[in-house]
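All values reported here derive from a predicted model rather than from experimental measurement. The figures that follow rest on heavy atoms only: side chains count, while hydrogens, waters and symmetry mates do not. Every chain is numbered from 1, with letters handed out A, B, ... down the list of sequences.
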Number of protein chains: 2
Amino acid sequence: MNEKESTKDKIIKTASRLFQIQGYHATGLNQIIKESGAPKGSLYYHFPDGKEQLALESLQVTAKFVLNQIAEGLQKSSDPVIAIQSLIHDMAERFEKEGYEGGVPVASIALETSLISEPLRNACQSAYGNFQDAFTQKLLSSGLEEKRAIELGIVMNSMLEGAFLLSFTMGDSQPLRMVAKQIPVLLK
Amino acid sequence: MNEKESTKDKIIKTASRLFQIQGYHATGLNQIIKESGAPKGSLYYHFPDGKEQLALESLQVTAKFVLNQIAEGLQKSSDPVIAIQSLIHDMAERFEKEGYEGGVPVASIALETSLISEPLRNACQSAYGNFQDAFTQKLLSSGLEEKRAIELGIVMNSMLEGAFLLSFTMGDSQPLRMVAKQIPVLLK
DNA sequence: GTCTATAGGACGATAGAC
DNA sequence: GTCTATCGTCCTATAGAC
């Protein structure tokens, strides 16, 4: 049906990448326009509310991508310990390959915009809530009691985000690797 | 000896606070000058390398403060489980009281500057390394084997940072509380 | 050491022709 | 839908009087 959305999609794709790597304030609309090859006039046609709206839609695309990655990784084994470990190892591997090119999804936007934009804050909260739910669902399906599954979903999410942040900053996938190693202890 | 550093100290104190709450790019030198009450001319007198140098020294102050908080918290009990739990609970409590006013120490600067400034990246790495070491030392002193103490130091640091980031974004101290709750499982 | 004024550039956003 | 020109604002940084 919508085959002609390529311009808007191109802008969002470029914006998603730049926002994640550079952050919200360091990424200018001019840079997005330049790198996406789209005309500046069309930016405000597709995103009449400007930078905030563009960041919002870009963040939603990023969050959907990450959620999908988590969900797919968790499907690889019925055993939640193995599934979560393999998910984190996959991320560590991708980090080792891509280096800094992925930034830290959601976190960079969350820290910069949570206090200045309600729509963006809500989108970040929703993204993290979805990540957390994916872990909780996996734990529930393996027979864990509900209260404990929710608690551990929160903890898994915290560990993953923290390890990602530290791996990024230290330039070393060790935090991700070490966190993965503790999953059996935590879930046993 | 140095009783006349009050102007420079005032600038650093204000800058530390603003950088942590708003981030690097969203915080202007004009705002720092205005809120600190210091004259703009003196900013470039005390920090000839400009914003980067100011952010560097501010980050070091913040990192020292956080490290001190961690070290003090860990001293409260010889049992590392109790000590780490009480440390995280203290942070959760402070978060519940202060709300967003503390930002997420180090992380906000780390995400925004690690890719654009080597001195700032190094300072962030050093800060995280020190946090991690504090945990590792505590675990070593309680008789844990060295390799495992180092691994768990990395994991503790990741969990704490991740939980802090999530608590900040979600506006809820639950991630910190839940992470604290898992410490006995992880260290037993 | 302090203060003011200002340079010089980037930014987000808009207007209006096409 | 696209494109260009431009406005007003903010930024970092500097120059030079005091």
Side-chain angles (χ1 to χ4, degrees), chain A residues 1-59 108-109 112-113 115-121 123, chain B residues 1-59 108-109 112-113 115-120:
Chain A
M1 316 133 198
N2 270 329
E3 285 197 81
K4 285 280 181 82
E5 277 202 326
S6 84
T7 293
K8 184 174 184 182
D9 286 348
K10 216 162 44 174
I11 294 176
I12 288 188
K13 195 178 162 189
T14 302
S16 299
R17 180 172 52 83
L18 292 175
F19 281 137
Q20 292 307 318
I21 301 173
Q22 306 179 338
Y24 182 79
H25 291 98
T27 302
L29 298 183
N30 292 325
Q31 187 187 10
I32 294 172
I33 284 310
K34 199 176 164 191
E35 293 200 18
S36 72
K40 182 157 188 179
S42 71
L43 196 155
Y44 278 93
Y45 172 82
H46 292 294
F47 307 92
D49 287 342
K51 190 177 186 178
E52 187 179 19
Q53 184 187 355
L54 175 56
L56 181 65
E57 297 195 28
S58 300
L59 178 67
S108 52
I109 302 297
E112 281 189 73
T113 67
L115 297 183
I116 59 172
S117 161
E118 196 187 327
L120 279 168
R121 178 177 62 246
Chain B
M1 315 134 197
N2 270 329
E3 285 197 80
K4 284 282 180 85
E5 276 202 328
S6 84
T7 293
K8 183 173 183 180
D9 285 349
K10 218 163 41 175
I11 294 176
I12 288 188
K13 196 178 162 190
T14 303
S16 300
R17 179 171 52 83
L18 292 176
F19 280 138
Q20 292 305 319
I21 300 173
Q22 307 179 338
Y24 182 79
H25 290 98
T27 303
L29 298 183
N30 293 325
Q31 187 188 10
I32 295 171
I33 284 311
K34 199 175 163 190
E35 294 200 18
S36 72
K40 183 158 188 178
S42 71
L43 196 155
Y44 279 93
Y45 172 81
H46 292 293
F47 307 93
D49 288 341
K51 190 177 187 179
E52 187 180 20
Q53 185 187 355
L54 175 55
L56 181 66
E57 296 196 28
S58 300
L59 177 67
S108 51
I109 301 298
E112 281 189 74
T113 66
L115 297 184
I116 59 171
S117 162
E118 196 186 328
L120 280 168

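- Summarising the geometry, the separation between CG on A/Asp49 and C1' on C/dT14 is reported as 14 Å, rounded to the nearest angstrom.
- By the side-chain contact (heavy atoms from CB on, under 4.5 Å) test, B/Leu56 is found to be paired with B/Gln60, B/Pro119, B/Leu120, B/Ala123, residues two or more places apart in sequence or in another chain being considered.
- The residue from B/Thr14, B/Leu59, B/Ile32 that alone fulfils the side-chain contact (heavy atoms from CB on, under 4.5 Å) condition with B/Phe19 is B/Ile32.
- As a whole-Å value, the separation of A/Ile32 CD1 from C/dA10 C1' is 14 Å.
- Rounded to the nearest 0.5 angstrom, A/Ser58 OG and A/Ile109 CD1 are separated by 8.0 Å.
- In this structure A/Ser42 satisfies the side-chain contact (heavy atoms from CB on, under 4.5 Å) test together with A/Thr7, A/Ile11, A/Ala38, A/Pro39, A/His46, sequence neighbours excluded.
- At whole-Å resolution of the value, CD in A/Gln53 and C1' in C/dA13 are 14 Å apart.
- Residue B/Leu54 contributes atom CG, which lies 10 Å from atom P of D/dA13 at whole-angstrom precision.
- Annotation: side chain to side chain donor-acceptor pair (under 3.5 Å) contacts of A/Arg17 (sequence neighbours excluded): A/Glu35.
- Remark: P of C/dG1 and NZ of B/Lys10 are 14 Å apart, rounded to the nearest angstrom.
- Listed pair B/Ser42 / C/dC3 fails the phosphate criterion, with no side-chain N or O lying under 4.0 Å from OP1 or OP2.
- In this structure, A/Gln22 places its CD atom 14 Å from C1' of C/dA10, rounding to the nearest Å.
- The side-chain contact (heavy atoms from CB on, under 4.5 Å) test applied to A/Lys40 returns A/Asn30, A/Ile33, not counting sequence neighbours.
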Between protein and nucleotides 9-12 of chain D, what N or O pairs are separated by less than 3.5 Å?
unit_1, atom_1, unit_2, atom_2, d
D/dC11, OP2, B/Asn30, ND2, 3.4
D/dT12, OP1, B/Lys51, NZ, 2.8
D/dT12, OP2, B/Leu29, N, 2.7

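- Here the straight-line distance linking atom CZ of B/Phe47 with atom CG of B/Leu54 works out to 5.0 Å at 0.5 Å rounding.
- Computed from coordinates, the A/Leu43 CG to C/dT14 P distance equals 12 Å when rounded to whole Å.
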Below 3.5 Å is the cut-off: list the nitrogen or oxygen pairs between protein and nucleotides 15-18 of chain D, distance only.
none

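- In this structure, the separation between OH on B/Tyr44 and CD on B/Gln53 is 10.5 Å, given to the nearest 0.5 Å.
- Between the C1' atom of C/dG1 and the CD1 atom of B/Ile11 lies a distance of 11 Å, rounded to the nearest Å.
- Without hydrogens or angle criteria, B/Glu112 side chain to A/Gly23 main chain gives no donor-acceptor distance under 3.5 Å.
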